[in-house]
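Below, read A as the first sequence line, B as the second, and so on, with proteins coming before strands; counting in each chain starts at 1.
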Number of protein chains: 2
Amino acid sequence: MVLSKACTYGILASLYVARESSRSKDYVSIGKMSKELNISFHFLTKILQQLTSAGILVSMKGPKGGVALKRDPKEISLVDVVVAIDGMGLFTDCLLGLPGCGEEKPCPVHGEWDGIRANLFHTFRGKNLEETAKSIDELNLRFALPAGAEVDREDSG
Amino acid sequence: MVLSKACTYGILASLYVARESSRSKDYVSIGKMSKELNISFHFLTKILQQLTSAGILVSMKGPKGGVALKRDPKEISLVDVVVAIDGMGLFTDCLLGLPGCGEEKPCPVHGEWDGIRANLFHTFRGKNLEETAKSIDELNLRFALPAGAEVDREDSG
DNA sequence: TTATTTAGAGACTATTTTATCTTATTTTTG
DNA sequence: CAAAAATAAGATAAAATAGTCTCTAAATAA
Ligand code: FES
Ligand code: FES
């Protein structure tokens with residue numbers, strides 16, 4: 001898995017908030033969001049707290065409370081969300097898990113991986129929440145987990 | 001983490017076997033390999049069993065036993081090893097964990113991810129064990145874990 | 001001020017991944 | 001055939017990740 005599940009939830013939630021924010025200025029209810037995205041409420045809450053402490057969201061308690069984007073959604077990239085939850089590892093670590101990935105003492109796949117992850121970084125650094133959220137409605141994209149179903153990974157058998 | 005730890009161990013071990021095979025026709029001892037790569041013997045054994053049942057390695061018990069490549073190392077790509085251990089998920093699954101990744105009902109990052117993972121696939125599909133193992137000696141590359149050290153992931157604090 | 005509604009925080013549980021330990025089973029050597 | 005050396009297999013344990021539950025704190029509304 002490239003991104004942790006927490007991270008994918010964080011991305012889906014960020015897009016949800018950006019999408020709602022384009023319609024009203026109110027805080028987005030975590031309860032409502034967890035239902036519509038089919039993500040466990042308490043687990044989602046924790047992830048949103050990480051995004052809040054990372055300066056991506058702000059939160060408000062009480063009735064009419066919830067979360068909202070702290071900054072202009074045009075200024076928040078998907079990489080910001082990934083880094084807030086999974087850290088920079090995806091963009092800095094050795095693909096083979098060797099410590100200290102770099103040119104000085106590269107592993108046998110460093111040359112290839114270095115290019116691919118840079119591409120990954122720049123591609124998602126260039127995707128901001130505003131445009132990405134807008135594309136959901138324009139292109140009728142999927143961005144919520146299905147109702148009861150569980151995702152299962154393919155495996156070598 | 002892009003690849004499971006088991007998968008990175010499998011790649012390092014495959015390269016080790018390919019490198020040894022280029023020098024002699026004997027089976028490569030798993031005990032010796034686990035010591036030189038600093039990978040837990042029993043854990044490595046299980047990973048090698050997966051590679052054996054996937055038709056990448058053959059094994060032999062008893063003194064002078066061990067593992068060897070089943071096919072010409074020129075014909076075994078790094079993708080073969082990845083797929084044998086982690087499955088095809090890396091190359092087929094939705095980056096956001098939604099079920100049924102595809103053009104019909106794409107998620108907001110499908111376009112980008114689809115291209116990047118195809119690049120990833122073709123790049124490592126093009127790297128075979130023979131050439132990759134040879135490059136280790138020619139370029140003095142790293143391909144073993146350090147002695148006692150543990151790798152730690154960067155995290156968002 | 002009190003009740004209600006919502007997020008925050010922490011303990012707890014479950015699952016998956018990683019790692020270890022013990023006991024076969026097979027093969028060579030003497 | 002017996003002993004030794006090596007992989008195979010399975011039980012167990014530890015660690016990381018994912019998910020649940022309960023209680024607290026803050027904000028609103030009456
Ligand atoms: S050293 Fe392995 S990817 Fe950089
Ligand atoms: S549907 Fe998400 S990456 Fe294809």
Side-chain angles (χ1 to χ4, degrees), chain A residues 1-10 12-13 17 20 26-35 37-54 56-68 70 85-87 89-90 97 145 148 150-156, chain B residues 1-10 12-13 17 26-35 37-54 57-68 70 85-87 89-90 97 145 148 150-156:
Chain A
M1 225 187 253
V2 178
L3 303 175
S4 70
K5 226 159 177 187
C7 188
T8 66
Y9 291 172
L12 296 173
V17 174
E20 293 293 309
D26 294 344
Y27 285 100
V28 176
S29 157
I30 299 178
K32 182 164 175 276
M33 176 163 35
S34 82
K35 282 194 193 75
L37 295 179
N38 287 299
I39 297 171
S40 150
F41 171 78
H42 292 285
F43 192 35
L44 180 58
T45 291
K46 284 192 189 167
I47 296 162
L48 296 176
Q49 282 168 28
Q50 294 185 69
L51 295 179
T52 299
S53 70
I56 291 173
L57 299 176
V58 288
S59 71
M60 175 60 72
K61 289 181 179 177
K64 314 283 287 177
V67 293
K70 185 172 188 182
I85 296 170
D86 277 356
L90 176 61
L145 295 173
E150 261 312 292
V151 189
D152 53 12
R153 288 209 305 161
E154 202 155 339
D155 202 18
S156 65
Chain B
M1 224 187 255
V2 179
L3 303 175
S4 71
K5 225 161 176 187
C7 187
T8 67
Y9 291 173
L12 296 173
V17 174
D26 294 344
Y27 286 101
V28 176
S29 156
I30 300 178
K32 181 163 175 276
M33 175 162 38
S34 81
K35 282 194 192 75
L37 295 178
N38 287 297
I39 297 172
S40 148
F41 171 78
H42 289 100
F43 192 35
L44 180 58
T45 291
K46 287 195 185 162
I47 296 162
L48 296 177
Q49 281 169 29
Q50 293 185 68
L51 294 179
T52 300
S53 69
L57 299 178
V58 288
S59 70
M60 177 58 72
K61 290 181 178 176
K64 313 283 285 178
V67 293
K70 186 172 187 182
I85 296 170
D86 278 354
L90 175 60
L145 294 172
E150 260 312 291
V151 189
D152 51 15
R153 287 209 306 160
E154 201 156 339
D155 201 18
S156 64

Listed partners of B/T45 passing side-chain hydrogen bond (donor to acceptor under 3.5 Å, both in side chains), at least two apart: none
Determine whether a donor-acceptor pair (N or O, by modelled atom type, separation under 3.5 Å) exists between the side chain of A/D86 and the backbone of A/S4. yes
Would you mind reading off the distance between B/D26 atom CG and C/dT27 atom P, rounded to a whole angstrom? 17 Å
Starting at CG of A/L44 and ending at P of C/dG8, how long is that distance when rounded to a whole Å? 11 Å
Heavy-atom distance under 4.5 Å between the side chains of B/V67 and B/Y27, does that happen here? no
Does C/dT20 have OP1 or OP2 sitting under 4.0 Å from an N or O in the side chain of B/S40? yes
Got a donor-acceptor pair under 3.5 Å from the side chain of B/H42 to the base of C/dT18? no
Proximity to the side chain of A/F41 - top-ranked nucleotide from C/dT22, C/dA7, C/dT28: C/dA7
What integer distance in Å separates A/I85:CD1 from D/dA18:C1'? 14 Å
Residue mapping more 5' on DNA chain D - nearest nucleotide basis, A/L3 or A/K64: A/L3
Interatomic distance, A/M60 CE vs C/dG8 P [rounded to whole Å]: 10 Å
Does C/dA7 have its OP1 or OP2 closer than 4.0 Å to a side-chain nitrogen or oxygen of A/Y27? no
Distance below 4.0 Å between B/Y9 side-chain N/O and C/dT18 OP1 or OP2: no
When the nearest nucleotide of DNA chain C is assigned to B/K46 and to A/S59 on a heavy-atom basis, which residue is associated with the more 5' position? A/S59
Specify the separation, in whole Å, of atom NZ of B/K61 and atom P of C/dT29. 17 Å
Atom CD of B/Q50 and atom P of C/dT17: how far apart are they, to the nearest Å? 11 Å
Can you tell me how far the CG atom of A/L44 sits from the CZ atom of A/F41, to the nearest 0.5 Å? 8.0 Å
What verdict does the side-chain contact (heavy atoms from CB on, under 4.5 Å) test give for A/V2 and B/L90, after you've listed the backbone C-alpha separation in whole Å, the side-chain angles of each residue and the deciding distance to 0.1 Å? CA-CA 7 Å; A/V2 178; B/L90 175 60; 3.6 Å; yes
Side chain of B/P63: nearest nucleotide among C/dG8, D/dA18, C/dT28? C/dT28
What's the closest nucleotide to the side chain of B/A6 if the choices are D/dA27, D/dA29, C/dT18? C/dT18
Atom CE in B/M1, atom CG in A/L3: separation rounded to 0.5 Å? 13.5 Å
Nucleotide D/dA6, atom P - distance to CG of B/L48 in whole Å: 15 Å
Could you walk me through whether A/I47 and A/I85 pass the side-chain contact (heavy atoms from CB on, under 4.5 Å) check? CA-CA 8 Å; A/I47 296 162; A/I85 296 170; 3.6 Å; yes
Need the bend value for the helix from C/dT1-D/dA30 to C/dG30-D/dC1: angle between end axes, 5 pairs each end, nearest 10°. 0°
Nearest-angstrom distance from the residue atom CZ of A/F43 to C1' of C/dT15: 12 Å
Among the nucleotides C/dT28, D/dA18, C/dG8, whichever has the atom closest to the side chain of A/K5 is D/dA18
Rounded to the nearest 0.5 Å, how far does CD1 of A/I56 lie from CG of A/L48? 10.5 Å
Which nucleotide wins on minimum distance to the side chain of A/Q49, given the candidates D/dA5, C/dG8, C/dA19? C/dG8
Report the nucleotide, chosen from C/dT18, D/dA18, C/dG8, that has the shortest atom-to-atom distance to any side-chain atom of A/I30. C/dG8
